[in-house]
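Notes to accompany the following structure.
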Amino acid sequence: MTAAVQQSRRAFLQGSLGALTLAVTAKGWVTTAMAAEPATQAYGADSMPGGTVDDPLVFVSIAADGAVTIVAHRAEMGTGVRTSLPMVVADEMEARWERVKVVQAPADESRYGNQNVDGSRSMRHFLMPMRRVGAAARQMLEAAAAARWAVPIAEVKAEQHEVLHVPTGRRLSYGDLAADAAKQPVPAGDTLKLKAHSEFRYIGKDQVRLVDLEAIGKGQAIYGMDMRLPGMVYAVVARPPVVGGRLRRVDSAKALAVPGVLKVVEIPAMQGAPAFQPLGGVAVVARNTWAARQGRDALQIEWDDGPNGTYDSVAYQQTLQAAARAPGKTMRNQGDAANAWAKAPEAERVAAEYYVPHLAHASMEPPVATVQIQGNRAEVWTSIQNPVAARDAVAARLKLEPANVKVNVLLLGGGFGRKSKPDFVDEAAIVARAMPEGTPVKLVWTREDDIHHDYLHTVSVERLEAVMDPQGQVQSWLHRSASPTIASLFAQGAKGQQMFESAMSAINMPYRIPNVRVETAEVEAHARIGWFRSVANIPHAFAAQCFIDELAHRAGKDPQAFALDLIGPARQIDPGALADTWNYTESPERYPYDTGRLRGVIEAACKGAGWGRTLPKGHGLGLAFCYSFMSYTATVVEVAVDDKGEIRVVAVDMAMDCGPQINPERIRAQMEGGAIMGLSLALTSEITFEKGRVKQSNFHDYEVLRHNASPRVIRTHLVNDDHALPPGGVGEPPVPPVAPALCNAIFAATGKRIRSLPVRKVA
Amino acid sequence: MTQLQINGQTKDVNVPDDMPILWVLRDELGMTGTKFGCGMALCGACTVHIDGTPVRSCLTPVSAASGLQISTIEGMEADPVGQAVQASWISNNVAQCGYCQAGQIMTAVSLLKATPNPTEQQIADAMSGNICRCGTYPRILAAIQQAAASLAQGGKQ
């Protein structure tokens with residue numbers, strides 16, 4: 001860990017303060033590299049491995065018959081990017097969508113730009129590169145036509161799969177021009193003419209359906225789980241039940257006797273920090289999945305549990321509570337919150353603690369990968385969010401050049417952050433290496449494997465303390481998070497949340513409070529902690545948003561009015577002034593914290609829900625909001641609680657401001673899906689540990705929201721479709737406000753405060 | 001050797017009697033439309049019809065289907081109710097990742113065959129065996145209602 005004292009480098013922005021910042025290095029995109037000179041700082045897309053690529057020759061090819069093939073370089077896990085990004089290209093290049101075919105890129109960031117689908121970055125980072133790709137292709141087609149007709153370029157215009165010579169009305173089809181266009185020089189970036197907003201045909205228009213929609217409905221879409229190759233064998237792995245555990249002994253005689261079982265292969269135990277390593281264990285290889293599973297059931301195995309063998313969720317919650325009640329590491333400190341608390345009369349002090357348990361991703365398709373080795377080359381077919389990480393893991397494992405490892409990216413049956421870790425691909429490579437050369441190995445995780453061995457969402461106790469005067473003005477705010485860090489994946493023994501985690505709705509709260517302190521407690525991880533859709537925003541927003549509601553009610557004020565007053569008027573705040581030196585890797589100048597946009601979504605969600613209307617008995621409305629991944633979301637939940645405490649979610653109003661709305665129908669789908677995932681974690685989902693082991697194993701004990709518990713009504717409110725704004729993320733922002741909105745609604749309906757998830761039932 | 005009737009065709013497979021139909025379909029016959037989600041009949045991704053009844057193929061041994069008609073997602077485009085449901089799934093843009101959708105469609109088809117005009121509650125009850133982690137439930141509801149209306153108007157019959 002390195003500490004750097006920096007002068008404020010944003011002093012020209014209003015309201016900025018000099019800030020002492022701690023720069024913590026960690027792997028990949030969480031690195032907060034602080035350059036001394038702003039001009040050399042790479043932000044956003046430019047700071048990701050591979051950056052962005054604008055070259056139309058990489059992404060677009062046109063056949064002689066006019067069929068346009070566009071490369072989708074980002075994996076599809078349900079957010080629609082395999083459709084939306086090619087759609088942007090098609091729009092700018094004036095291609096007719098019905099003539100477009102999409103092909104999925106293999107792992108190759110040097111060719112395509114960054115391919116890691118996480119952090120709600122696909123449209124956020126690739127909207128402009130894809131517009132430039134499309135514009136460049138259009139200009140090359142126009143140049144080819146102008147050359148063919150020997151006319152000035154200003155006289156030609158690309159229009160719906162043809163180039164028109166305006167003065168004479170002559171037309172040439174894209175198919176006709178394809179070969180010539182591909183030979184044109186790629187236009188320099190500063191000569192590109194991007195479309196005006198009024199010229200869009202597909203962007204923002206909801207005219208395009210998912211490219212795989214029909215295939216999905218017919219059972220023809222191919223996911224990682226569906227890969228088939230001649231001679232392919234199937235493997236499942238028995239893994240140590242405790243993270244850091246090791247094989248003590250295994251007797252595989254009975255396993256090998258199961259009909260169809262071919263071989264038993266040891267997977268080496270994890271060494272040091274988990275990162276993306278396999279956990280270790282024993283693989284059973286068979287002719288089909290069923291035989292492999294039966295073979296695994298027949299293994300006689302003993303494990304050494306290792307250092308995490310006593311991890312127990314009940315005991316650990318006590319550990320977290322004690323840590324949350326003691327001073328922690330300072331992440332933000334303005335004014336003197338400790339003194340304000342010490343001097344405040346008891347009646348003005350408000351404190352609460354909130355608990356969010358571990359969560360499992362539980363995407364409907366468990367992790368799976370197929371690997372085939374031939375000589376000094378290997379080929380992989382898998383459903384992976386981060387294809388290059390998979391390629392590099394396989395290359396390292398098999399001691400091959402990465403250029404000799406081809407990773408084919410298939411459709412993901414969900415990801416939510418689990419499938420950005422290529423541990424399961426590494427396992428497949430290990431087994432492939434143990435089989436006769438050229439044997440394709442499909443390594444399948446069962447649902448039990450997925451629940452037991454997930455890279456879990458962390459576990460948190462969040463402590464909030466405020467001083468609120470008799471007028472209901474909040475004078476002091478302390479938010480202390482006791483929660484193991486994702487950094488523990490990469491540095492053994494790493495304790496307490498890092499800057500990037502605190503900057504997800506703990507540090508970067510914009511409220512007008514004179515004394516603010518944000519701390520993290522140094523607590524250790526005893527599980528593999530990973531990124532789960534919206535990450536640390538989940539517990540931070542749960543705690544802070546429930547707490548604001550508690551303050552509002554205590555002050556006798558309407559929660560919406562109280563929140564808007566606390567936020568204050570519309571203004572842009574330098575994230576650095578909120579001690580946020582991470583800002584999701586984005587430039588603080590380009591992406592300030594805009595309280596006007598936050599107010600806008602709060603007002604839209606409340607208006608949509610009919611905030612303030614008279615409700616039936618047992619019903620309540622609850623509000624929560626969040627700024628995450630550069631987008632602003634607000635949620636109002638209407639809940640009905642019966643006299644037995646059974647909860648029914650009547651309706652959800654979800655408002656989002658993500659800047660320009662490129663594929664609005666898909667944005668709404670993410671908002672609906674985020675609402676349901678947020679309700680799932682609020683109502684039913686919990687991973688607990690006993691004796692170092694995850695207790696849950698399948699959907700009977702790790703419960704997720706089903707159709708009958710889903711709200712019949714989810715109203716999505718997309719606000720502020722502004723193409724002058726840089727784009728915000730879409731996949732994750734809808735999740736964090738949902739659980740606090742639900743719990744605030746339960747309070748409104750019943751007077752009972754929920755501070756611990758999942759709520760299941762109101763006592 | 002076991003003989004199976006799948007989507008109106010006869011298929012011969014050489015598998016143990018207790019192998020679940022799911023793995024016979026996917027691994028032996030290459031019919032990967034029916035999905036693996038949990039292996040314990042909890043998630044519905046593996047739903048097929050046996051003599052018209054929706055069944056979780058992950059826990060149904062192949063011996064239980066002997067002499068009976070198995071229908072899978074691959075056969076739905078030849079079925080009038082299947083066609084209506086698939087069309088409605090498209091017009092409502094139901095899918096996100098799409099992995100659970102074959103199972104959702106199979107359950108929806110069997111619901112509409114048994115109950116051509118289901119209430120919202122009947123839909124919720126019938127569909128609650130099928131999990132969607134992406135959260136497409138509101139659109140599933142709308143798609144089933146639209147398919148029911150379309151079938152009632154004789155659209156696809």
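Note on naming: letters A, B, ... go to the chains in the order of the sequence lines (proteins, then strands), and numbering restarts at 1 for each one.
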Please test Q86(B) against K218(A) for side chain to side chain contact (heavy atoms under 4.5 Å, CB included), starting from the C-alpha separation and ending with a verdict.
CA-CA 7 Å; Q86(B) 285 174 331; K218(A) 293 183 174 175; 3.9 Å; yes
Which value, rounded to the nearest 0.5 Å, describes the distance between R293(A) atom CZ and W23(B) atom CH2?
7.0 Å
Validation row: R26(B), D226(A) side chains within 4.5 angstrom (heavy atoms)
yes
Would you mind checking which part of T79(A) comes under 4.5 Å of any heavy atom in chain B, side chain (CB onward), backbone (N, CA, C, O), both or neither?
neither
L210(A) vs N93(B) side-chain heavy atoms within contact, under 4.5 Å:
no
Any non-hydrogen side-chain atom of M364(A) less than 4.5 Å from a side-chain atom of C134(B)?
no
Nearest 0.5 Å, what's the CD-CD distance between E672(A) and Q96(B)?
7.5 Å
At their closest point, which heavy atom of Y99(B) faces which heavy atom of G413(A), and how far apart are they?
CB-CA, 3.5 Å
Under 4.5 Å between any side-chain heavy atoms of R287(A) and E28(B), yes or no?
no
Can you tell if the side chain of N288(A) reaches within under 4.5 Å of the side chain of M19(B), non-hydrogen atoms only?
yes
Decide yes or no for H361(A) and R133(B): does some side-chain heavy atom of the first lie under 4.5 Å from some side-chain heavy atom of the second?
no
For each of P138(B), G39(B), P20(B), C43(B), tally heavy-atom pairs with chain A at distances under 4.5 Å, and name the one with the top tally.
P20(B)
Can you tell me how the ring of H707(A) sits relative to the ring of Y137(B), calling it parallel under 30°, perpendicular over 60° and tilted otherwise?
tilted
For the OH atom of Y702(A) and the SG atom of C38(B), what is their distance to the nearest 0.5 Å?
15.0 Å
Rounded to the nearest 0.5 Å, how far apart are OG1 of T32(B) and OH of Y223(A)?
10.5 Å
Quick check for you: to the nearest 0.5 Å, what is the distance between Q101(B) atom CD and L213(A) atom CG?
9.0 Å
Does a salt bridge link R228(A) with D27(B), judged by any charged N lying under 4.0 Å from a carboxylate O?
no
Taking the side chain from R712(A) and the backbone from L141(B), do they hold a donor-acceptor pair closer than 3.5 Å?
no
